[in-house]
Amino acid sequence: MGLRFDCVFYYVRDLDEAVRFYRDVLGLPVASVDVVARFDIDGVLLELVPAQDPDQIGGRGNARLALRVDDIDRAASDLRERGVVVGAIQIKENGRLAAFLDLDGNELVLWEYSS
């Protein structure tokens, strides 16, 4: 069948506004922007896709973009200083995580592995 990984994508209402959030607030590097915006995160392609249907926005499925950090307390604090509402840090068996939403309600998580 020849399946190969392409990307992870989130639907967004306003592409320019979403790019500013991911680039300026989260600090992710923009790889390209045309009809979609692309960010290369350690070799994983994240795409922001303008939604054609409002029901596509902010889905609560199982998939989330997890962003690995070395110091979750610091990363959560930095995001809060930038106006992002970050949930409580949860302790898991192999690390700690904290969830937050982008401007369109797509859930992302900060993830810190246990030492």
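Fair warning: this is a prediction, and the values are worked out from it, not measured in the lab.
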Quick one: pull up [atom1] in [X] and [atom2] in [Y] and give me the separation to the nearest 0.5 Å.
| X | Y | atom1 | atom2 | value |
| --- | --- | --- | --- | --- |
| Ile89 | Ile72 | CD1 | CD1 | 5.0 Å |
| Leu103 | Leu101 | CG | CG | 10.0 Å |
| Leu48 | Cys7 | CG | SG | 10.0 Å |

**Request:** Please report the shortest heavy-atom distance between Gly87 and Arg80, naming the atom on each side.
**Result:** O-NH2, 3.2 Å
**Message:** Testing the 3.5 Å rule here: is there a donor-acceptor pair between the side chains of Asp102 and Tyr22?
**Reply:** yes
Carboxylate-amine/guanidinium contact [X] [Y], below 4.0 Å:
| X | Y | answer |
| --- | --- | --- |
| Asp16 | Arg20 | no |
| Arg38 | Asp34 | yes |
| Arg96 | Asp73 | yes |

**Short side-chain to backbone donor-acceptor contact, Glu112 and Gly95, under 3.5 Å** =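 Not a single qualifying donor-acceptor pair exists.
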**Message:** Side-chain heavy atoms nearer than 4.5 Å, only ILVMFWY residues, links allowed to pass through others: does that put Leu97 and Leu108 together?
**Reply:** no
Beyond-backbone contact of [X] with [Y], side-chain heavy atoms, under 4.5 angstrom:
| X | Y | answer |
| --- | --- | --- |
| Leu15 | Val35 | no |
| Phe21 | Val84 | yes |
| Leu26 | Phe100 | yes |
| Ile41 | Leu65 | yes |

**Asked** Considering the options Asp104, Val19, Val36, Val49, which one meets the side chain to side chain contact (heavy atoms under 4.5 Å, CB included) requirement together with Val12?
**Response**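 Only one of Asp104, Val19, Val36, Val49 forms a side chain to side chain contact (heavy atoms under 4.5 Å, CB included) with Val12, namely Asp104.
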